[in-house]
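Please read the structure below before turning to the comments.
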Amino acid sequence: MDPDTVETVRREERAEVGTERREAGRVRVRKQVESVPVQEVVTREVEHADASERVPATEGDSGEVETLEDGSISIPVFEEELVVTKRLVVRERIIVRKHTVLEEETVETELRREHVSVEADDAVEVDDRRDRGEP
């Protein structure tokens with residue numbers, strides 16, 4: 001480098017605007033269970049007999065008509081027993097989808113730029129390159 005030459009560097013800031021993906025929040029799906037009372041009228045058969053004597057059924061009773069030693073007939077009396085069964089069924093499926101929307105936003109910032117001015121005494125001639133369109 002020529003000892004009569006002095007150099008300096010001119011700098012300026014440049015803005016690099018981009019995007020970063022970040023979590024903006026979460027979506028939560030909650031289910032509530034509701035109990036709904038159900039009342040239904042069901043018809044059932046109950047046999048009645050007009051008899052002179054009623055005897056409770058014993059364990060292991062066959063339920064068949066029997067003829068007793070005295071010649072009378074023993075007829076079992078039946079009734080339908082109500083049976084309620086609950087089962088879980090799929091009623092519907094909930095589908096949650098997400099989608100991406102492009103939005104434009106204006107970003108404003110302030111950039112610093114260095115400007116160089118060369119000053120010299122009247123006796124020193126300065127060749128300023130900016131006059132020739134160079135940066």
Side-chain angles (χ1 to χ4, degrees):
M1 178 185 302
D2 184 359
D4 294 332
T5 304
V6 178
E7 291 183 5
T8 186
V9 176
R10 183 176 73 89
R11 295 184 180 95
E12 68 181 32
E13 291 181 333
R14 301 261 170 119
E16 292 183 19
V17 178
T19 61
E20 288 184 1
R21 188 175 189 93
R22 67 175 175 83
E23 184 176 303
R26 293 189 176 257
V27 174
R28 287 177 275 299
V29 177
R30 288 192 174 88
K31 294 193 295 184
Q32 290 87 25
V33 176
E34 175 185 10
S35 294
V36 179
V38 175
Q39 186 176 27
E40 201 171 312
V41 176
V42 178
T43 303
R44 67 184 186 115
E45 291 181 4
V46 178
E47 293 179 345
H48 293 273
D50 296 326
S52 58
E53 183 181 355
R54 291 178 180 235
V55 179
T58 59
E59 179 130 2
D61 193 324
S62 67
E64 300 294 321
V65 174
E66 298 175 359
T67 304
L68 301 178
E69 295 173 9
D70 65 356
S72 60
I73 299 174
S74 172
I75 302 173
V77 177
F78 291 92
E79 71 178 8
E80 288 182 331
E81 184 177 58
L82 295 180
V83 177
V84 177
T85 304
K86 292 183 184 181
R87 64 186 178 95
L88 191 60
V89 296
V90 176
R91 176 86 182 257
E92 63 183 353
R93 180 174 294 278
I94 308 299
I95 298 172
V96 177
R97 291 186 175 94
K98 65 179 185 176
H99 62 281
T100 302
V101 177
L102 296 178
E103 296 178 348
E104 288 186 0
E105 290 193 29
T106 302
V107 177
E108 293 185 21
T109 188
E110 202 170 285
L111 300 178
R112 294 180 307 179
R113 218 177 252 170
E114 293 178 349
H115 295 278
V116 176
S117 61
V118 178
E119 295 180 9
D121 293 336
D122 291 337
V124 178
E125 185 178 322
V126 175
D127 182 14
D128 192 350
R129 293 183 185 196
R130 286 185 302 170
D131 294 339
R132 290 183 263 164
E134 294 182 24

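For this chain, numbers begin at 1 and follow the sequence in order.
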Listed by chain and number, what are the side-chain hydrogen bond (donor to acceptor under 3.5 Å, both in side chains) partners of [X], not counting sequence neighbours?
| X | result |
| --- | --- |
| Arg26 | Glu23 |
| Arg91 | none |
| Ser74 | none |
| Arg14 | Glu12 |

Remaining members of hydrophobic cluster (4.5 Å side-chain criterion), Leu88: none
Besides Val101, the hydrophobic cluster formed by Ile, Leu, Val, Met, Phe, Trp and Tyr side chains linked at under 4.5 Å, directly or via other members, contains none
Provide the full list of salt bridge (Lys or Arg N to Asp or Glu O under 4.0 Å) pairs with a residue in residues 29-43, sequence neighbours left out, each pair given once. none
All pairs passing salt bridge (Lys or Arg N to Asp or Glu O under 4.0 Å) where residues 75-89 contributes a residue, at least two apart: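 Every pair satisfying salt bridge (Lys or Arg N to Asp or Glu O under 4.0 Å) with a residue in residues 75-89: Arg44-Glu79.
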Suppose the criterion is side-chain hydrogen bond (donor to acceptor under 3.5 Å, both in side chains): which pairs have a residue in residues 96-105, not counting sequence neighbours?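 Residue pairs passing side-chain hydrogen bond (donor to acceptor under 3.5 Å, both in side chains), neighbours aside: none found.
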Counterpart residues, side chain to side chain contact (heavy atoms under 4.5 Å, CB included), relative to Arg11 (two or more places apart): Val9, Glu114
Under the side chain to side chain contact (heavy atoms under 4.5 Å, CB included) test, residues paired with Ala123 that sit two or more places apart: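 In terms of side chain to side chain contact (heavy atoms under 4.5 Å, CB included), with neighbours along the sequence ignored, Ala123 is linked to no residue.
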Just jot down the salt bridge (charged side-chain N to carboxylate O under 4.0 Å, His left out) partners of Arg28, sequence neighbours excluded, or say none.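 Residues passing salt bridge (charged side-chain N to carboxylate O under 4.0 Å, His left out) with Arg28: none at all.
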Above 12 or not: heavy atoms from other molecules or residues under 6.0 Å from CG of Asp122? no
